[in-house]
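What follows is a single structure, written as structure tokens, with notes after it.
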Amino acid sequence: MLKVTLPDGKVREYSRRVRPADVAADIGPRLAKAVLAAEVDGQLIGANQPLPADGEITLRLITDKDPQALDLLRHSCAHIMARAVMRLFDGVQLAFGPTVGDGFYYDFQMEHKLSEEDFAKIEAEMARIVKEDEPFERVEMDRNEAVEFCRDLNQLLKVEHLEETLAGERRVSFYRQGEFVDLCRGPHLPSAGAVGAFKLMSVAGAYWKGDASRQQLQRLYGTAFFQKKQLDEHLKRLEEAKRRDHRLLGKQLELFMIDPEVGSGLVFWLPKGAVVRRELELFLYDELLRRGYQPVYTPVIGNVHLYETSGHYPYYKDTQFPPIEMDDGDRYLLRPMNCPHHVKIYQSKPRSYRELPLRLAEFGQVHRFEQSGELNGMVRVRGFTQDDAHIFCAEEQVADEFRGCLEMTQFVLKTLGLNDYRVRLGFRDPAQDKYVGDAATWQRAEEALENVCRGMDLPELHIERGEAAFYGPKADFIVADCIGRQWQLGTVQLDYNLPGPDRFDMEYIGADNAPHRPVMIHRAPFGSFERFVGMLIEHYAGAFPLWLAPEQVRVMVVSQKAEDYGRRVERRLAEAGLRAGGDYRAEKIGAKIRDAQLELIPYMFVIGGREADEENVAVRDRIEGDLGTMSLEAAVERLKKEIREKTVRSKD
RNA sequence: GCUAGCGUAGCUCAAUCGGCAGAGCAGUUGAUUUGUAAUCAACAGGUUGUGGGUUCAAGUCCCUCCGCUAGCUCCA
């Protein structure tokens with residue numbers, strides 16, 4: 001006798017052996033048709049997998065309304081795609097085919113080089129499979145038997161997987177659909193027909209088991225939905241992301257450039273982009289001073305020896321510009337981070353406990369030789385400027401200091417209208433050996449960090465093992481922009497190791513007149529100006545809030561007769577500290593407005609004979625349109641207020 | 001770095017089977033003097049990313065290098 005408890009609390013009892021599909025059929029014919037899978041005591045199984053013969057279970061039937069259903073659909077669609085590829089090409093070896101973020105992929109090893117030209121053919125074959133609507137049939141067998149089975153199918157990657165990763169399993173499952181069989185944990189849709197809409201997205205290389213030393217496979221990406229309409233919406237979102245691409249907007253709006261002759265990944269801030277950056281720098285600077293930081297400036301290169309001491313050089317040798325070798329044998333490294341220089345300032349004289357916490361801040365330019373394939377506009381570059389600071393404090397000050405750093409980051413994000421973020425605690429993965437320092441120190445640091453964070457009401461705080469820096473645990477802010485894409489930006493890192501005896505061997509004299517070791521905190525609310533501004537361009541779709549806008553107001557004259565008054569208005573705006581431009585071309589006013597709108601200039605002051613007579617301006621807002629006529633002084637005040645308050649406004 | 005794709009005017013793109021490199025926007029000049037998202041006209045703009053090869057003939061086909069894009073690996 002099986003007792004099944006449904007989510008509404010109702011209980012059903014069965015003396016015969018049933019499947020979730022049977023339970024659904026009991027409840028009603030509509031549900032019987034709609035059921036795709038089930039959650040049994042929290043575990044996902046297929047609709048046609050048998051339930052236990054007796055005992056008590058809770059059962060939740062899954063239909064296309066459930067969030068998990070989409071993953072199920074996409075996983076099945078990955079099988080459908082693999083089946084189509086195997087029908088079309090010879091000698092296909094299957095690797096893995098999971099779901100990811102907004103779709104799925106399948107990795108293949110095969111002779112034929114897949115390209116986008118093959119997509120139509122593959123999609124047509126997939127459509128045929130979906131139409132045939134054959135069931136996904138689960139087949140279980142012993143692992144040993146499975147090895148032979150895969151060998152017979154000539155699926156050697158699967159054989160390897162069974163013999164290595166799955167060596168500990170006794171039984172494994174396959175899913176069969178017509179002539180197609182694939183080693184797979186499942187579950188799957190009852191049959192292929194539920195796949196309403198799908199599309200192949202791209203083809204790329206991927207390493208077998210994610211290991212760059214192993215062979216490279218061909219990865220085919222696709223996405224799928226229950227309905228065509230949902231697929232169309234998804235494609236529209238991708239278009240929207242493309243429209244916001246900071247590389248295109250950066251070029252269009254003349255914010256930054258990269259010149260291949262100068263070097264890949266080296267950013268030029270053009271005058272308009274430089275305004276955005278400078279405003280952000282001033283904003284941070286103010287905030288740093290308010291919070292007791294002391295700005296410093298340090299060299300952008302340093303003796304390699306320094307980075308050997310810090311441990312950075314050996315750890316990151318491959319991703320640094322190689323050292324500059326001098327005739328006398330000295331070797332200098334383009335600095336890949338700022339901390340060693342700040343440590344040197346700390347060590348430039350004996351320190352007393354009275355000086356702590358010592359907070360040294362620098363917008364420090366650093367260089368890292370990222371692999372060419374990693375470079376991406378402003379968000380992944382080889383030279384960038386961190387909004388960096390290092391806090392040297394006594395152990396008992398760590399909690400307060402760390403909290404202060406997190407609060408500053410929260411304040412900065414809030415000011416910019418970035419309200420959707422989560423905090424990830426990156427801890428050490430004890431199984432890896434890429435860390436410096438002993439286990440006890442790490443434990444102490446991780447506990448201190450976690451305690452601070454738990455006491456702070458940080459959104460979606462979660463721990464990830466293996467995400468720590470090599471010298472200590474950290475808290476990263478992962479920010480979602482207005483269309484939901486996630487960016488890892490600000491970071492606060494706790495460091496008991498660099499000050500330690502094996503590294504810089506730092507100390508201060510305590511109240512007890514004995515030497516003590518300080519603790520270091522590394523922190524950067526933006527991360528880097530390049531990456532942060534790249535993200536901001538996409539977040540705002542190039543339309544910056546007034547306080548950041550390169551050109552805040554454009555004065556435009558209805559006819560050239562009003563030019564004199566227009567230029568007076570422009571001068572008055574400049575006097576008031578506003579960034580104003582003027583348009584005195586022999587164009588119609590409509591054309592000037594259009595150009596200013598396309599340049600995303602927040603305000604337009606339209607000026608003709610009527611305004612000139614009364615010292616007025618007709619104000620047009622980029623978002624709201626015509627705001628009517630007001631006195632020049634009232635308009636100036638209105639803009640100054642918006643700047644002072646750093647108001648973030650958007651069209652949507 | 002690896003796999004695949006792409007590279008034509010400042011920008012967006014065209015050029016059939018290998019057969020005279022072209023358009024719109026931007027720019028310059030001239031006309032027009034305009035009231036809330038494009039006034040009209042003329043002019044100018046190119047070693048088709050680089051170097052080589054095949055061919056009577058290469059933007060187009062082949063090879064090399066450079067760069068870009070997507071993904072993989074990496075990210076102090």
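To find a chain, count down the sequence lines: A is the first, B the second, and so on, and within it residues start at 1.
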**Message:** Applying a 4.0 Å non-hydrogen cut-off, can you work out what A:Tyr105 is touching in the nucleic acid: base, sugar-phosphate, or nothing?
**Reply:** nothing

**Request:** Would you indicate, yes or no, if B:rC72 has its OP1 or OP2 atom less than 4.0 angstrom from a side-chain nitrogen or oxygen of A:Tyr221?
**Result:** yes

**Prompt:** Is any side-chain N or O of A:Glu611 under 3.5 Å from a base N or O of B:rG35, one able to act as donor and the other as acceptor?
**Reply:** yes

**Prompt:** What distance do A:Phe363 atom CZ and A:Thr385 atom OG1 have between them, rounded to the nearest 0.5 Å?
**Reply:** 10.0 Å

**Item:** Donor-acceptor pair present, A:Arg368 side chain and B:rC75 base, under 3.5 Å
**Value:** no

**Asked** Excluding sequence neighbours, so at least two apart, what forms salt bridge (charged side-chain N to carboxylate O under 4.0 Å, His left out) with A:Arg567?
**Response** A:Glu563

**Request:** Write down the distance between CD (A:Gln215) and P (B:rC72), rounded to a whole number of angstrom.
**Result:** 18 Å

**Request:** Nearest-nucleotide wise, let me know which of A:Gln560 and A:Cys339 is further upstream toward the 5' end of RNA chain B.
**Result:** A:Gln560

**Message:** Would A:Tyr315 count as stacking on B:rA76 if stacking means ring centres less than 5.5 angstrom apart and planes tilted under 30 degrees?
**Reply:** no

**Contact under 4.0 Å: A:Lys113 side-chain N or O vs B:rA4 OP1/OP2** = yes

**Message:** Suppose we call two aromatic rings close when their centres sit under 6.0 Å apart. Are A:Tyr106 and A:Phe104 close by that rule?
**Reply:** no

**Message:** My understanding is that only one of A:Arg247, A:Arg244, A:Arg485 makes a side-chain hydrogen bond (donor to acceptor under 3.5 Å, both in side chains) with A:Glu538; could you say which?
**Reply:** A:Arg485

**Message:** Ring of A:Phe369, cation from A:Arg382 - is the NZ or CZ under 6.0 Å from the centre and inside 45° of the axis?
**Reply:** yes

Do any N or O atoms of the protein come closer than 3.5 Å to N or O atoms of nucleotides 67-69 of chain B, and which pairs are they?
| unit_1 | atom_1 | unit_2 | atom_2 | d |
| --- | --- | --- | --- | --- |
| B:rC68 | OP1 | A:Ser264 | OG | 3.4 |
| B:rU69 | OP1 | A:Arg247 | NH1 | 3.2 |
| B:rU69 | O3' | A:Arg247 | NH1 | 3.4 |

**Asked** Taking atom types as modelled and ignoring hydrogens, do the side chains of A:Lys209 and A:His161 form a donor-acceptor contact shorter than 3.5 angstrom?
**Response** yes

**Request:** Cation-pi check, A:Arg465 to A:Phe427: give yes when NZ or CZ is under 6.0 Å from the six-membered ring centre and within 45° of the ring axis, no otherwise.
**Result:** no

**Message:** Between the base of B:rG1 and the side chain of A:Tyr207, is there a donor and acceptor pair under 3.5 angstrom?
**Reply:** yes

**Message:** Does A:Gln109 reach a base, just sugar-phosphate, or nothing at all? Heavy atoms under 4.0 Å.
**Reply:** nothing

**Prompt:** Contact class for A:Gln320 (heavy atom, under 4.0 Å): base, sugar-phosphate, or nothing?
**Reply:** base

**Request:** Pick base, sugar-phosphate or nothing for A:Gly609, based on heavy-atom distances below 4.0 Å to the nucleic acid.
**Result:** base

**Item:** From B:rU33, B:rA76, B:rC74, nucleotide with atom closest to A:Lys561 side chain
**Value:** B:rU33

**Request:** Nearest whole angstrom, please: distance from the C1' of B:rC74 to the CD of A:Glu374.
**Result:** 6 Å

